[in-house]
Structure formats: structure tokens, C-alpha cells
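Take a look at the structure below.
Being a predicted model, the structure only gives us computed values, none of them experimental. The sequence lines fix the lettering, A, B, ..., with proteins before strands; numbering per chain opens at 1.
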Amino acid sequence: MRAAFREALPAWFDGARRPMPWREPGPDGRRDPYRVWVSEVMLQQTRVETATPYFRRFTERFPTVRDLAEAGQDEVLKLWEGLGYYSRARNLHRAAQQVVADHDGEVPSDEEAFRALPGAGPYTAAAVLSLAFDTPLAVLDGNVIRVLTRVFAIDADARSGRTRRQLQDLADVLLDPAHPGRWNESVMELGATVCTPRSPACPRCPLNDVCQAYARGAPEAFPVVSKRAPVPHHTIAVGLVIDDASRVLIQRRPEDAMLGGLWEFPGGKVEDGETPGEACVRELREELAVEVEVSAPIARVEHAYSHFRITMHAFRCRLVSGEPASETGEPIAWVPIDALDDYAFPRANRRVIEALIEEARAPRLL
DNA sequence: GAGGCGTGGCG
DNA sequence: TCGCCAAGCCT
């Protein structure tokens, strides 16, 4: 069994290894720990194809830890815009500053020191240290969980702490201590390209002769996971307050909130017994101490977040009275419509901006 | 331990 | 259309 994982699997990997920008060695023939780190953070809960263009842009703008540490958060978030889970970007930014302050700009090769960085959990530590420094730590990510639960036909809830500890122990035993980075990448690559969640390609799997799930003819039965609760739905109303100079009013979200640090159009939840238009007027009164009049609907956007769904109604608004002032302490800004691209917005807001620009190009006759 | 935290693709 | 999921971490 151990031989299959240490010989057949890495041998398969040598022929199946997909080229990725963070897999390229540097001038010294080694991988840059910083680039490995950035890639591993971007790859958390994110597909390779999605993360790749972000990685290229990010590392071109911030080639070193110091470049990242010296940047402003706005620019970091702008480069992360659309990638989701924005706390990853905020944490990575803070971690870079910590590396400069405490480690002279060198990514720590010590597990305890690396784990002390914000956003560095067990997976990321094992991945970065094994890939960049050949530290013998086995990664346990979604791919490894899937491969191991199938090969060993483990039918306990894969999300439970007990099962995870069992799987980590298994990975630790199977890991090739002579080539930890290669072993980790081999298992993850197998999970990503062959031992996939649906329709796994078992006939061309290097582990199929030892795989118990394959022997049973039911690879997709693993891993076993409990069902998630259905997610709630909310109706949201936002206002596009535009002044005579075609500037739009936007507001930055609090650092510790969902989508923290990104910009958005002011608004909020539509309450029971309220129309979206009424909610828009009320929210702008509450958040910005202004009276507005809803003039035209601009867009209706359906969007799914990680734990709830929304329908967002966006209205063009006319400022009736008052000067917008943040009631919550979060910054506001008047931005020319064609300069909205310079700010980081959540996806749903980006949809609204697309509709606004389309509206300006071909206004609907009312 | 359970739940918060984005987005896009796929069957 | 909809639920599930993808190289997790934090509280």
C-alpha cells in the first residue's frame, strides 16, 4: 500500500503534472517560498483555472514579500477582486508585513513561526513548507480526503474532527519523507484530475489496484459528508446616487464584515411590508443621513454567497436634501462612473455597474 | 464543533 | 434551476 503511494503515484505524477506558474523554479533552481505561499492562499477553496490569472497579476505587481507589505490594502483587494473569501487577501497582506517586521522579509521555514502568520492554517503550512523547503509535513485538503477515503473505503463523516485526525494520521504514514513536496503534489494532482468528486477516471488511476472504493464499484460513494442546511434568501435594495458631474456615491465596507474592505453602493435589506424602493430610501436615510427619491430601476441581480442568496434591486436616485455623511464611520466617496473600475467591488455590485454603464449608453425611454 | 466566509462551474 | 463543490481558516 505504502509502495503504491510512494512509487506508482509519483511516477504517474511525473507524466501528468500540469504546468502552473507557481511550479516554475526560480533562477537558483528552487521554488520561491513567497510565490508558493501566495498560490496556496489563492488555491484555498478555489480551482487552479480560476486562481491562475489572479496569481500572475498579483505576483507581477508584488514580486516579493516586501512589495506586498508596502502596498495599501485598497490595491491588494483590487487585485483580489472577484476571487472571493477576501479575508484571505487581508490576512496575506498583514502576514507579509509581519514577515518583514519579524523575519527580515524571509518567509519562515519553521512550522511554528509560519503558523503564527494570519491565514496560515495546517494545510497552508504543510503545503508551503513541504513544497518550498522539503519539510516532511503531509497536507490534508479536499483532494487528499477524497483520495484516502476512497482508497481505504472510509465511510465515517469526513468533516468530523475524529475522521480528519484519522485521515491526517494516514497521510502522515503514507508521506514519502524523502520527497514530501512531490508526494503532496502528487496526491493533490490525482484528486484534482483523476480522483474527481464526480465521474472519477478510475481506469487510468495509478492507485486503482489498491483502491477499495474502486473494487466495490462505488468510488463516488466517498467521501461521506452530511448534507448542508438550505441557505436563506434576502432581498436587497441599493441606491445609485449620481450628482451633476456624473459621479456615483459609494461606501467602503467595514474591515471585519463579510466582503470587508470592498466598496459598494449604499443600501440594505428590504423588510417585510416594504417595497424595494421604500427600503432604498430608508437605508440611505439611516446610513448616510440624506433624503433621496427613487427615480428609475437600473438592475435586478440574483447572487449566491457562500451561506445565503440575495436578489438585489438597484435604483437610480435623486438627492433631495442633505449632504451624504457616513453614520457608521466607514469611508464614502464620489466616483466618476468611468472610474468605478479603480475600486474593488463585490460581484453583485459589479453586475449593477455593468447595467448602469449599459443604461448610460442606451437609456430606456420611459 | 459549528458556522461564517465568495465565486464560478458542472451535472 | 439548483445543489454541490474547489489546494481552508477563523471565531
Side-chain angles (χ1 to χ4, degrees), chain A residues 18 20 22-23 36-55 77 80-92 94-95 114-131 137-147 157-165 167-168 171 181 183-193 195-200 220 223-233 253-262 264 301-310 344-351:
Chain A
R18 294 172 295 173
M20 298 174 193
W22 50 86
R23 285 182 170 172
V36 172
W37 179 24
V38 171
S39 74
E40 290 303 340
V41 174
M42 286 190 171
L43 288 166
Q44 289 168 15
Q45 304 286 285
T46 308
R47 295 169 196 284
V48 168
E49 313 85 72
T50 302
T52 297
Y54 283 88
F55 177 84
L77 287 174
W80 209 272
E81 179 184 17
L83 198 52
Y85 285 136
Y86 298 95
S87 64
R88 294 183 296 173
R90 299 192 305 271
N91 284 336
L92 182 61
R94 279 198 297 131
F114 189 88
R115 281 292 303 273
L117 301 171
Y123 166 77
T124 308
V128 172
L129 299 188
S130 68
L131 295 173
L137 293 169
V139 297
L140 185 66
D141 72 333
N143 289 307
V144 181
I145 289 172
R146 192 164 54 254
V147 170
D157 182 352
R159 290 206 176 104
S160 76
R162 196 164 144 269
T163 309
R164 287 189 66 98
R165 278 189 293 280
L167 291 166
Q168 182 70 63
W183 189 91
N184 280 331
E185 272 194 315
S186 298
V187 189
M188 291 193 284
E189 192 81 350
L190 186 75
T193 63
C195 193
T196 51
R198 287 172 299 277
S199 307
E220 290 185 85
V224 174
V225 290
S226 49
K227 277 188 181 166
R228 295 177 189 170
V231 299
H233 177 272
R253 293 181 57 81
E255 177 99 10
D256 57 356
M258 177 181 170
L259 303 166
L262 276 68
E264 68 178 0
V301 174
E302 302 289 341
H303 188 77
Y305 293 106
S306 52
H307 55 301
F308 64 96
R309 294 179 300 111
I310 63 164
F345 286 92
R347 195 84 185 97
N349 278 254
R350 274 283 158 217
R351 298 284 191 223

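- Note on A:Pro346: only backbone sugar-phosphate atoms sit closer than 4.0 angstrom, heavy atoms only; bases stay farther off.
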Given pairs defined as Watson-Crick or G-U wobble with both distances under 3.5 Å, what dot-bracket annotation applies to DNA chain B, with ( ) intrastrand, [ ] crossing, | other strand and . unpaired?
.||||.|||||
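- Distance alone, capped at 3.5 Å, places no donor-acceptor pair between the A:Arg47 side chain and the A:Leu43 backbone.
- In this structure, A:Phe345 places its CZ atom 18 Å from C1' of B:dT7, rounding to the nearest Å.
- Nearest-nucleotide mapping onto DNA chain B: of A:Arg347 and A:Phe308, the residue sitting toward the 5' end is A:Phe308.
- A donor-acceptor pair is defined here as one N or O able to donate and one able to accept, closer than 3.5 Å; such a pair exists between the side chain of A:Arg253 and the backbone of A:Met258.
- Within the 4.0 angstrom heavy-atom criterion, no nucleotide atom of any strand lies near A:Thr50.
- No engagement by A:Ala51 is indicated, since no non-hydrogen atom pair under 4.0 Å with the nucleic acid exists.
- For A:Arg146 and C:dA6, the shortest distance from a side-chain N or O to OP1 or OP2 is below 4.0 Å.
- Aromatic rings from A:His303 and A:Tyr305 are positioned such that their centres are separated by under 6.0 Å.
- In this structure, A:Arg94 reaches neither bases nor backbone, as no heavy-atom distance under 4.0 Å exists between it and the strands shown.
- Within the 4.0 angstrom heavy-atom criterion, base atoms lie near A:Arg18.
- Counting non-hydrogen atoms under 4.0 angstrom, A:Leu83 reaches a base of the nucleic acid.
- Within the nucleic acid shown, A:Val139 has no heavy atom closer than 4.0 Å to any nucleic acid atom.
- The base of C:dG8 lies outside donor-acceptor range of the side chain of A:Tyr123, with no N or O pair under 3.5 Å.
- Candidate nucleotides C:dG8, C:dC5, B:dG6 were compared by shortest atom distance to the side chain of A:Tyr305, and B:dG6 ranks first.
- When each of B:dG6, B:dG9, C:dA6 is scored by its nearest atom to the side-chain atoms of A:Pro197, the top-ranked nucleotide is C:dA6.
- Going from atom CZ of A:Arg47 over to atom P of B:dC10 covers 7 Å, rounded to whole Å.
- The pair A:Glu185-A:Arg23 meets the salt-bridge criterion, since a charged nitrogen lies less than 4.0 angstrom from a carboxylate oxygen.
- Donor-acceptor pairing under 3.5 Å, judged by distance alone, is present between the side chain of A:Thr46 and the base of B:dG6.
- Residue-to-nucleotide proximity on DNA chain C shows that, of A:Val225 and A:Gly142, the 5′-proximal contact is made by A:Val225.
- In this structure, A:Ser160 reaches neither bases nor backbone, as no heavy-atom distance under 4.0 Å exists between it and the strands shown.
- With DNA chain C read from its 5' end, the first of the two nearest nucleotides for A:Asn91 and A:Trp22 is the one closest to A:Trp22.
- Straight-line distance from the NE2 atom of A:His307 to the C1' atom of B:dG6: 10 Å, rounded to whole Å.
- Looking at heavy atoms from C-beta onward, A:Arg347 lies out of side-chain contact with A:Val301 at the 4.5 angstrom threshold.
- Between A:Trp22 and A:Phe55, the ring centre distance stays below 6.0 Å.
- One finds a salt bridge joining A:Arg18 and A:Glu189 here, because a Lys/Arg side-chain nitrogen approaches an Asp/Glu carboxylate oxygen to under 4.0 Å.
- In terms of position on DNA chain B, the residue among A:Asp256 and A:Arg351 whose nearest nucleotide sits closer to the 5' end is A:Asp256.
- Residues A:Leu259 and A:Tyr86 meet the side-chain proximity criterion, which asks for heavy atoms closer than 4.5 Å.
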